[in-house]
Structure formats: structure tokens, C-alpha cells
Amino acid sequence: MTPRALRLLVLLVLAAGAGGLWLARAVQLELEYLEAPMGIAAGTEYTVPPGASFAVVAQDMARRGWVRSPRVFAWHARRTGKARAVKAGTYALQPGMSALAALDLFVSGREVQVPFTIVEGWSFTQLREALARAPRLEHTLQGLDSAAIMERLGQPGRHPEGLFLAETYHFPPGTSDLTALRRALTALEQALDQAWRDRAPDLPLASPYEALILASIIEKETAVPDERALIAGVFVERLRRGMLLQTDPTVIYGLGDGFDGNLRRRDLENDTPYNTYTRKGLPPTPIALVGRSALEAAVAPRVDGSLYFVSRGDGTHHFSRTYGEHLKAVQRYQLGGADRAGHASGG
């Protein structure tokens with residue numbers, strides 16, 4: 001090799017080495033940049049689309065100004081094995097979060113969760129109305145009647161009232177209203193099964209469904225937690241003695257759209273399957289959606305001899321063991337109700 005050729009080879013080797021060092025340093029700088037805060041605002045959410053490669057995600061984050069070198073970001077994700085572990089979904093990005101922290105969040109699958117509350121005592125109609133107003137759920141049930149909805153839930157022919165547990169649920173944005181209903185239905189089935197397993201002995205209830213019916217009446221009669229077991233005790237004792245339950249909420253439910261907000265004597269005498277003033281035993285179905293505490297009260301009543309209760313007008317009730325005591329309580333707490341019956345149990 002001539003001296004000139006040797007000098008050229010040395011220069012090429014030195015240049016290659018310098019270039020490699022420069023490239024390595026450039027990559028290191030980009031990795032350090034990925035550890036710096038992205039500069040996002042509070043409340044920022046980011047959606048990883050289903051089926052998208054992480055290279056596409058990195059490019060999109062670069063377009064938003066969060067990442068300077070999407071190639072290095074995607075390379076790092078592949079090198080660490082995280083690219084394949086990224087899960088589609090919507091994520092809440094926090095101020096001060098780095099791109100590498102965002103990558104870890106995408107891998108974790110901890111999506112944004114949207115709360116949806118089913119209120120104790122709601123009817124199925126009220127539940128449907130609330131679902132239709134929920135802004136971050138996918139609405140798929142418009143135009144369907146109750147029978148069609150129950151069929152989609154795999155429950156053809158079932159009456160929907162009472163079959164969805166009242167509590168707060170959390171869903172990723174875009175969850176369908178049908179999925180939300182299915183989750184509440186499953187929760188109710190599990191809670192009811194547990195309550196039935198834990199029931200008190202010798203209850204005058206033939207099935208878990210009868211316990212659910214009783215729980216729905218309790219739910220409509222009181223919102224005071226300490227009273228639920230007492231009210232359950234009144235109804236359980238009446239069932240044992242073959243007495244009429246005489247509870248207003250079942251009558252109101254049976255009136256349907258015909259109820260104008262004022263329960264009259266003629267309503268109490270209007271015989272429907274839900275009129276517990278004219279028919280013995282429980283009504284044919286629940287009359288409302290229930291929470292866990294009402295279910296627990298229905299299967300673990302506090303029976304103290306009370307057969308009557310009347311509203312005090314402040315949300316609580318006065319309980320009586322004899323009809324004479326009950327009439328005195330009605331006169332004390334329900335003055336002015338001339339067109340109402342001095343009914344035996346309901347408030």
C-alpha cells in the first residue's frame with residue numbers, strides 16, 4: 001500500500017469512528033430528551049388506537065410536540081420490548097409527565113375511567129334515561145324497548161325492573177351502554193346470590209327473586225340506613241302472619257303513568273297485581289333498583305314485633321306493634337290527609 005493510500009485509509013477509519021461516536025451521542029441526547037417533561041396541560045387525554053403500531057403512536061406524539069425524535073422513541077420501545085406490550089385505550093396524561101412515563105402508562109393499560117352511578121330506588125326507565133344522557137358512553141339502545149334490551153343481554157322474556165345493582169361503576173370512554181347494563185346485571189346477580197347464601201333462617205321467602213322484590217320495597221320505603229332492617233322486619237312479620245303488606249310504593253308502581261303524585265283512597269282500592277292493599281303477599285316483580293344494603297336488610301330483617309310504620313315527615317318512620325298505636329301515630333304525623341287511608345305499614 002502506498003503512503004498516500006495508507007493515509008486515506010487512516011482518515012476513513014478515523015472518520016467512521018468519529019461518526020459512530022457522534023451518532024451514539026445523538027441517540028443518547030434524544031433518549032435524555034424523552035425523559036424530560038413533555039409540557040402537556042392538565043386534563044390532557046391521549047388515545048392509543050386499536051391495532052396501531054407504536055411507530056405510528058410515536059409519530060403522532062411528535063406531531064403534537066411531545067416527542068422530538070419519533071424514530072428514537074420507537075427504537076427504544078422496541079429495544080425494551082415495550083412496543084409490543086402497549087395496550088389500546090384512552091389515557092390521562094399528567095403535567096410533568098415524560099414520554100418514557102407515557103410509554104409505561106400505555107403498557108400498564110390503566111385507562112381513563114368514566115364514573116356512572118345507578119341510584120338506589122331508580123326505576124329501569126330512569127336508568128335508561130340516565131344512560132342516554134351519559135356523555136362518554138356509546139349509545140346503542142336508542143329505539144329499543146325493554147324486551148329487546150333484555151334479549152340483547154341474554155335474558156329474553158325477563159322483566160327488567162330490579163335486575164341492575166345500584167352503585168357507582170367505572171368504564172373506559174366509549175364503553176357501550178349495553179356493556180354498562182351487562183356489568184350492573186352481573187353485579188346484581190352476584191350480590192343477590194351472596195345475600196341469599198347469608199340469609200337468616202326461616203324467612204317467609206321462597207327464592208332469591210322474592211328477596212329481591214322485598215329489597216326493592218324496602219328501597220322505596222326509606223333512605224335511612226338504620227331503618228332498612230326494621231322495615232324489612234315489619235314486612236317479614238306480616239308475611240309470616242298472612243297479613244296484607246299495605247305498602248304505598250307498590251301501589252304507585254302499579255298505577256304507572258296514571259299516578260299524578262297524589263295517592264288517594266281510590267288508588268288504594270284500585271286492584272292491580274302490585275296493589276298490596278288488595279292482594280296478599282309480595283308483588284310479582286321488584287318495583288325499583290336496589291343497592292347492597294337493601295338486599296342485606298331483606299335477608300337479615302330486624303324483627304321486634306312491629307307490624308306498622310308511618311312517616312314522620314322528616315324521612316324517618318315511627319314503628320308500632322299494635323293497630324291502636326299506629327292510628328295514634330298517623331294522627332300525630334299525618335294530619336290533613338283526609339283522602340288517604342290510615343294504612344297499616346307503608347309511609
Side-chain angles (χ1 to χ4, degrees), residues 118-131 141 144-167 181-196 199 203-222 228 231-232 234-236 238-239 242-259 263 267-268 270-299 301 343 345-347:
I118 300 177
V119 177
E120 296 169 341
W122 268 0
S123 66
F124 181 65
T125 297
Q126 289 173 305
L127 170 56
R128 288 199 59 184
E129 292 170 349
L131 281 171
L141 303 178
L144 298 181
D145 61 16
S146 296
I149 291 173
M150 294 307 294
E151 187 167 352
R152 288 197 178 187
L153 289 170
Q155 305 287 327
R158 292 195 71 184
H159 187 69
E161 202 68 81
L163 297 185
F164 306 91
L165 188 66
E167 64 182 23
L181 281 180
R182 185 173 289 112
R183 171 113 166 258
L185 173 64
T186 300
L188 184 281
E189 291 172 343
Q190 293 173 345
L192 181 57
D193 286 346
Q194 183 63 53
W196 188 249
R199 68 188 183 278
L203 286 179
L205 303 172
S207 66
Y209 192 65
E210 287 196 355
L212 179 60
I213 294 172
L214 178 56
S216 74
I217 298 173
I218 296 166
E219 199 72 83
K220 295 299 288 186
E221 283 286 10
T222 185
R228 289 188 176 118
I231 286 178
V234 170
F235 290 132
V236 163
R238 282 177 161 266
L239 288 171
M243 298 173 66
L244 294 169
L245 294 186
Q246 295 183 308
T247 170
D248 291 357
T250 63
V251 177
I252 293 170
Y253 187 84
L255 293 173
D257 294 337
F259 180 60
L263 192 64
D267 298 321
L268 302 181
N270 179 19
D271 184 48
T272 75
Y274 292 87
N275 190 334
T276 51
Y277 286 83
T278 61
R279 301 194 183 197
K280 283 187 178 181
L282 294 164
T285 73
I287 61 171
L289 307 179
V290 307
R292 296 179 189 274
S293 60
L295 281 175
E296 293 166 0
V299 298
H343 57 282
S345 61

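Computed over heavy atoms, backbone and side chain alike; hydrogens, waters and symmetry mates excluded. Positions are given from 1, in the same order as the sequence printed here.
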The side-chain contact (heavy atoms from CB on, under 4.5 Å) partners of E296 (sequence neighbours excluded) come to R292
Applying side-chain contact (heavy atoms from CB on, under 4.5 Å) to D257 and not counting sequence neighbours gives none
Contacts of E210 meeting salt bridge (Lys or Arg N to Asp or Glu O under 4.0 Å) (sequence neighbours excluded), chain-then-number -> none
Hits for side-chain contact (heavy atoms from CB on, under 4.5 Å) against A215, two or more places apart or cross-chain, chain-then-number order -> V290, A294, L295, A298
*Looking only at side chains, do Y274 and T285 share a donor and an acceptor under 3.5 Å apart?*
yes
Sequence neighbours excluded, the answer for side-chain contact (heavy atoms from CB on, under 4.5 Å) partners of A147 is D145
Smallest heavy-atom separation, T276 atom then P283 atom, equals CG2-CD, 4.3 Å
| Side chain to side chain, L289 and L188, heavy atoms closer than 4.5 Å | no
Applying side-chain hydrogen bond (donor to acceptor under 3.5 Å, both in side chains) to T272 and not counting sequence neighbours gives none
T278 meets the side-chain hydrogen bond (donor to acceptor under 3.5 Å, both in side chains) criterion, sequence neighbours left out, with D271
When every non-hydrogen atom of K220 is compared with those of P249, the smallest separation belongs to CB-CB, 3.7 Å
Measuring only between side-chain heavy atoms, which start at C-beta, is D248 closer than 4.5 Å to D267?
no
Exercise for the section: Decide salt bridge (Lys or Arg N to Asp or Glu O under 4.0 Å) for E221 and R228; before the verdict, give the C-alpha distance in whole Å, the side-chain angles of both, and the deciding distance to 0.1 Å. Expected result: CA-CA 8 Å; E221 283 286 10; R228 289 188 176 118; over 6 Å; no
Taken to the nearest 0.5 Å, the spacing of L181 CG from I118 CD1 works out to 7.0 Å
Distance-only donor-acceptor hits, side chain of residues 154-166, under 3.5 Å, sequence neighbours excluded:
residue : atom : partner : partner atom : Å
Q155    : OE1  : R158    : NH1          : 3.0
H159    : NE2  : Y253    : OH           : 3.3
E161    : OE1  : Y253    : OH           : 2.9
E161    : OE2  : F124    : N            : 2.6

CZ of F235 to CG of L245, rounded to nearest 0.5 Å, is 6.0 Å
Heavy-atom closest pair (R128 atom, L141 atom, distance to 0.1 Å) is NH2-O, 3.2 Å
Sequence neighbours excluded, the answer for side-chain hydrogen bond (donor to acceptor under 3.5 Å, both in side chains) partners of T186 is none
For A195 and V299 the tightest heavy-atom approach is O-CG2, 3.5 Å
d(I213 CD1, L205 CG) to nearest 0.5 Å is 9.0 Å
*asked:* Could you check whether any side-chain heavy atom of L214 comes within less than 4.5 Å of a side-chain heavy atom of V236, counting everything from C-beta outward?
replied: yes
Those residues at least two apart in sequence (or on a different chain) that pass side-chain hydrogen bond (donor to acceptor under 3.5 Å, both in side chains) with N270 are none
The reported gap from CD1 in I231 to OG1 in T247 (rounded to nearest 0.5 angstrom) is 8.5 Å
CZ of R183 to CD of E167, rounded to nearest 0.5 Å, is 8.0 Å
Closest heavy-atom pair, S216 versus P286, reported as atoms and distance to 0.1 Å, is OG-CA, 3.4 Å
Rounded to the nearest 0.5 angstrom, the CZ-CH2 distance for R199 and W196 is 4.5 Å
In short, A130 meets W122 closest at the heavy-atom pair CB-CH2, 3.4 Å
- Query: Considering residues, nucleotides and ligands other than E189, do more than 12 of their heavy atoms fall under 6.0 Å from its CD?
  - Reply: yes
Any donor and acceptor pair, going by atom type alone, linking the side chain of Q126 with main-chain N or O of S123 inside 3.5 Å?
yes
